[in-house]
Amino acid sequence: MAMLRAATRLSRAFRTNSIFESHASPLSLSSVTVKRLDLRCLLSTAAEAVAEPIKPDISISLTKLLIDGKFVDAASGKTFPTIDPRTEEIIAHVAEGDVEDVNRAVKAARRAFDKGPWPKMTPYERSKILLRFADLIDKHSDELATLESLDSGKTYQQSRYAEIPTMARLFRYYAGWADKIHGLTVPADGPHSVQILHEPIGVAGQIIPWNFPLLMFSWKVGPALACGNTIVLKTAEQTPLSALLAGKLLYEAGLPEGVLNIISGYGHTAGAAISSHMDIDKLAFTGSTEVGKIVSQAAAASNLKPVTLELGGKSPFIIAEDANIDHAVEVAHFALFFNQGQCCCAGSRTFVHESIYDEFLEKAKARALKRVVGDPFQNGVEQGPQVSDEQFDKVLGYIKIGQEEGARLLTGGDRFGQKGYYIKPTIFADVQDGMRISREEIFGPVQAITKYKTLSEVIQRANDTTYGLAAGVFSKNIDTVNTLSRALRVGTVWVNCYDVFDAAIPFGGYKMSGHGREKGIYSLNNYLQVKAVVTSIKDPAWL
Amino acid sequence: MPRHLSILIPRPIVLDPRHSCLRRSLSCEECRMRCLLSTVAESIHEPVKPSISISLTKLLIDGKFVDAASGKRFPTIDPRTEEVIAHVAEGDEEDVNRAVKAACKAFDKGPWPKMTAYERSKILIRFADLIDEHSDEIATLESLDSGKPYEQSRNIEVPMVARLFRYYAGWADKIHGLTVPADGAYSVQTLHEPIGVAGQIIPWNFPLLMFAWKVGPALACGNTIVLKTAEQTPLSALLAGKLLHDAGLPEGVLNIVSGFGPTAGAAIASHMDIDKLAFTGSTEVGKIVSRAAAESNLKPVTLELGGKSPFIITEDSDIDQAVELSHFALFFNQGQCCCAGSRTYVHESIYDEFLEKAKARALKRVVGDPFQNGVEQGPQISDEQFHKIMGYIKKGQEEGAKLVTGGERFGRKGYYIKPTIFADVQDEMTILKEEIFGPVQSITKYKTIPEVIQRANASPYGLAAGVFTKNIDTANTLSRALRVGTVWVNCFDVFDAAIPFGGYKMSGHGREKGVYSLNNYLQVKAVVTSIKDPAWL
């Protein structure tokens, strides 16, 4: 029964979008989970029990660059391997785009923007293409989800029932915006008629990360297309596959050639070429703060293209003394461990009020021990491998640092199994603010729990970071909730929930977590220019 | 009293309340005298001595006027006489640090962001009243330091500063967030919060207007400020800062550091405790401050940079009006406008007549002491600018553009330059590609609308454009096709408070004035709360 409750809670909390409940049968994830949970729980503590990896039924057919509506080899002829993080083996060799390919892509995008037809089509026509694309996503959701999980190691259930439906939902959302981009008429101080046109900005360069390849595709491509722009998109070298299929489907939906160009490749070559390109009018980047600084400087040094950034985070999750502890444990667990801990907004500093600290620790440990780790293609698995060798080593390195700095290791702390980039769900308690695991982004399944006494203390400590992406607040007290919601210097505050990523909710950072907002009405600003047209008028009837 | 720049155009003299002639007319003796003066360099009299004593020369930090930490001072120069007006405290990194500390305290501890928006708005309204009350003094400082005509400062710019602060005072209590439809059982609100400490760097061509464009929205949104003025024009902002504190601004909310770009400006751009940077100046320096912001704490940056704005005159235009407006578009403020209409495209069918009349108008331009009534054009701001412009004039001649009038210094003292026109300018010539920032009009001929669109857009800049036509199709086609932040149709330099201003391409990003300007000084926070048993979604 306790198991059932936990699983149901998970499904409630587990809302990258809530649509996933209505698309799949309402109980899909939770009911599947429940049946297998006991077995999995046993497995999860026994490293050697990982079975032979499941072979998903898919053939990888799209591995080239998508330029000007065609799949083409890299100009250099080079390819790079993309790795299955479960097995550390090669899935496929993918064309490796570089400066010359970016140049070709920009040329295609430039022509598609300057000559059309994309920005010269009516918004209604553009919106219909986006709607058709959303239908195709639904139709191909098994295939998209399989590619996504194979390349990234995230659970198939998460891809298939949460992320892919969210992707379709986002494109329907942006399709709806396409014909609702209103300018303004403006009161003048004299005899002038003033209108403001909101125009597409031109060619958008977009660089997306590996943790949510298709969702980041949607956050970036959706608003850019809705606003009438053309795109050169670079995917992460760890996860190039799913975007190529999505690109193909967009063209099937009727996208004119050259409007979306996809370059697979590396940051220091293809990414750098996009950031510093003189014919790209706008740059959007999601990734680390370190690389965010590099691309911003490249944009400034080249043609001063405006930049939106979604960067790192070290988001506090604050549990007040009045919180329901079981519920708080579950949501805090989800806030950190979701997607193998590979979320920029992971609730990676768990602040627990001292009055409930000991009970919370005990229950958080029990929940982590129950976390089902295993092959992401197996039903009921909650946690797959980390995305890559590099990330795997980085996360284990932070676990070592945490122990060296004197944080108390409650559970986990080492590799899971002998093959693949699996890491046991790990919890540190009594973490001090000065420790590196409390200051730096770990991006893995490592929860750092710390104790606090007063509200003003926790505000000060929560804000004492260079990051400001998100925060969780867990409380029944309306005053606590409202005080914290205003005081926390972060772009999103989730109150008694976490990781709610509805299409209309803006997402983005304060401080060094970035600037600009994605999703919601605010995201359109990133892809629009504002033009004031001021016309002298004769004999105005009113002003 | 006209408060509108564009009103300058048909009736330039109307702005002078002390001048009895309401219309420029050669029948008026005084006007004719002035027209004569403008072509005779040696007839500049002794410079007018404005009745003002310069009392504010220190840095404004934490509500107090203080010396620079280093004790250093720098001279600010009267561009009419090339002599020192005053020595001003020279802020450097340490002064910026002190200013940021004060601004952080005023933001983090309050009272500024914790006051009600209504209280903040009342302070801004009181400040606007004080500007009106002190407008003679403010305008005198502005013209003395910058060389712009006193009539322009007193009757246009200073009233516009007051108007802008009343505009932003009105916004303070109208900064609405949103409630947002959710895809599940959540209540979603977005809060539009002040961003924190804003670093602002302003130029010398419109010191007080740029002060208003920057300080107005930042304060209305509840932020605190570290402002750096241009080293050429430090004076008027210090008086404005004093008046803002007189109006009730809490200490530390606005800090003003006079000083130079490589020292004080660089310290602001790269400061780790400044949350937002706004810069107006050259594209070259815009790149430097953007990189410094990215390298330090990734503070978001808004930029208003250079321009090379086309002014397009179609075949159906009223030529006399077009001549007057394009003259104004370029020569206003000694040509020192980022949005100056510095590429005059004239349809071939009216080109010759246009040239002749443009020349006649330039010859009539009244150049002289900016404190003399009726003067339209004062000196350039500085020695450096003076030489830069003279260099461009030389370059234009070398590259084969036809010098129609002007082309040399005016008088023997001060940074005066004769109104200059080049005709038959070709697209690849330097004077048609680079920003001159002086009284040099470049006129060129075109045949078709697609041709002029292509040529007008073939520039790394995209700040503004003028379109002169009676044909609605031409006006609408051009308005959409020109890749610029502002299109003025049958008008130019209309700078109403509600009209957003800013650039496409390398003319910058972000918009100042209007509702859009608030975004520069607000953070967006989504607050998502789980709700029980929602009655509706």
Side-chain angles (χ1 to χ4, degrees), chain A residues 15 17-19 21 169 184 186-190 192 194 196-197 199 281 289 292-293 296-297 299-301 303-304 306 309 311 466 481 485-486 490-497 500 502-508 510-512 514-517 520-522 525 529-536, chain B residues 3-4 6-7 163 178 180-186 188 190-191 193 275 283 286-287 290-291 293-295 297-298 300 303 305 460 475 479-480 484-491 494 496-502 504-506 508-511 514-516 519 523-530:
Chain A
R15 295 178 166 271
N17 81 338
S18 41
I19 239 179
E21 272 188 338
R169 194 271 175 273
L184 296 171
V186 175
D189 291 343
H192 298 103
V194 182
I196 312 296
L197 302 176
E199 300 193 335
D281 300 303
T289 295
K293 286 182 166 194
S296 292
Q297 289 180 62
N303 65 345
L304 279 169
L309 299 171
L311 307 174
T466 53
V481 166
S485 294
R486 292 224 168 197
V490 298
T492 302
V493 180
W494 284 297
V495 181
N496 298 327
C497 59
V500 179
D502 298 356
I505 304 176
F507 183 80
Y510 279 47
K511 299 194 273 185
M512 285 170 76
H515 25 91
R517 293 293 178 271
I521 185 171
Y522 303 91
N525 297 340
Q529 275 284 19
V530 172
K531 179 188 279 180
V533 180
V534 183
T535 307
S536 180
Chain B
R3 304 210 156 170
H4 221 280
S6 56
I7 283 173
R163 193 272 176 270
L178 299 170
V180 176
D183 291 341
Y186 300 99
V188 182
T190 59
L191 302 176
E193 300 192 336
D275 300 301
T283 295
K287 286 183 167 192
S290 290
R291 290 187 73 172
E295 231 170 352
N297 64 345
L298 278 169
L303 300 170
L305 307 175
S479 293
R480 291 223 170 200
V484 299
T486 302
V487 180
W488 284 297
V489 181
N490 299 328
C491 59
V494 179
D496 298 355
I499 304 177
F501 183 80
Y504 279 47
K505 301 194 272 187
M506 284 169 76
H509 25 92
R511 293 293 178 271
V515 62
Y516 302 89
N519 297 340
Q523 275 283 18
V524 174
K525 178 189 279 180
V527 180
V528 183
T529 307
S530 181

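Labels below follow one simple rule: chain letters A, B, ... track the order of the sequence lines, proteins then strands, and each chain is numbered from 1.
- Both the backbone and the side chain of Pro500(B) come within less than 4.5 Å of a heavy atom in chain A.
- Only the side chain of Val194(A) comes within less than 4.5 Å of a heavy atom of chain B; its backbone N, CA, C and O stay farther away.
- Of all heavy-atom pairs between Ala475(B) and Ser479(B), the closest is O-OG, 2.7 Å.
- With a 4.5 Å cut-off on non-hydrogen atoms, Val524(B) touches chain A through its backbone and its side chain both.
- If you measure heavy-atom distances from Ile505(A) to chain B, the contacts under 4.5 Å come from both the backbone and the side chain.
- In terms of heavy atoms, Ala294(B) sits closest to Gln297(A) at CB-CG, 3.6 Å.
- For a residue to count as touching a neighbouring chain, one of its non-hydrogen atoms must lie under 4.5 Å from one of that chain's; by this rule Leu191(B) touches chain A with the side chain only.
- Across all their heavy atoms, Asp189(A) and Ala497(B) have their closest contact at OD2-N, 3.6 Å.
- At distances below 3.5 Å, at least one donor-acceptor pair connects side-chain atoms of Lys287(B) with backbone N or O atoms of Ala301(A).
- Counting only distance, with no hydrogens or angles, the side chain of His192(A) and the backbone of Val489(B) share no donor-acceptor pair below 3.5 Å.
- Neither the backbone nor the side chain of Thr466(A) comes within contact range of chain B, judged by heavy atoms closer than 4.5 Å.
- With chain A as the partner, the residue from Asn297(B), Leu305(B), Asn490(B) showing the most heavy-atom pairs under 4.5 Å is Asn297(B).
- Heavy atoms closer than 4.5 Å to chain A are found in the side chain of Val180(B), but not in its backbone.
- In terms of non-hydrogen atom pairs under 4.5 Å with chain B, the most contact-rich of Val481(A), Val493(A), Asp281(A) is Val493(A).
- The residue among Asn496(A), Val533(A), Leu184(A) with the most heavy atom pairs within less than 4.5 Å of chain B is Val533(A).
- Residue Tyr522(A) touches chain B through its side chain alone, counting heavy-atom pairs closer than 4.5 Å.
- Put simply, the side chain of Lys525(B) never gets that close to the backbone of Tyr510(A): no donor and acceptor are under 3.5 Å apart.
- The candidate with the highest count of non-hydrogen atom pairs below 4.5 Å against chain B, out of Gly508(A), Gly491(A), Gly516(A), Ala188(A), is Gly491(A).
- Between chain A and the options Ala526(B), Pro181(B), Ser530(B), heavy-atom pairs under 4.5 Å are most frequent for Ala526(B).
- In plain terms, the two heavy atoms of Val188(B) and Ala182(B) that are nearest each other are CG2-CB, 3.9 Å.
- The two residues Leu304(A) and Ser290(B) come nearest to each other via the heavy atoms CD2-OG, 3.7 Å.
- Annotation: side chain of Val534(A) is in contact with side chain of Cys491(B) (closest heavy-atom distance under 4.5 Å).
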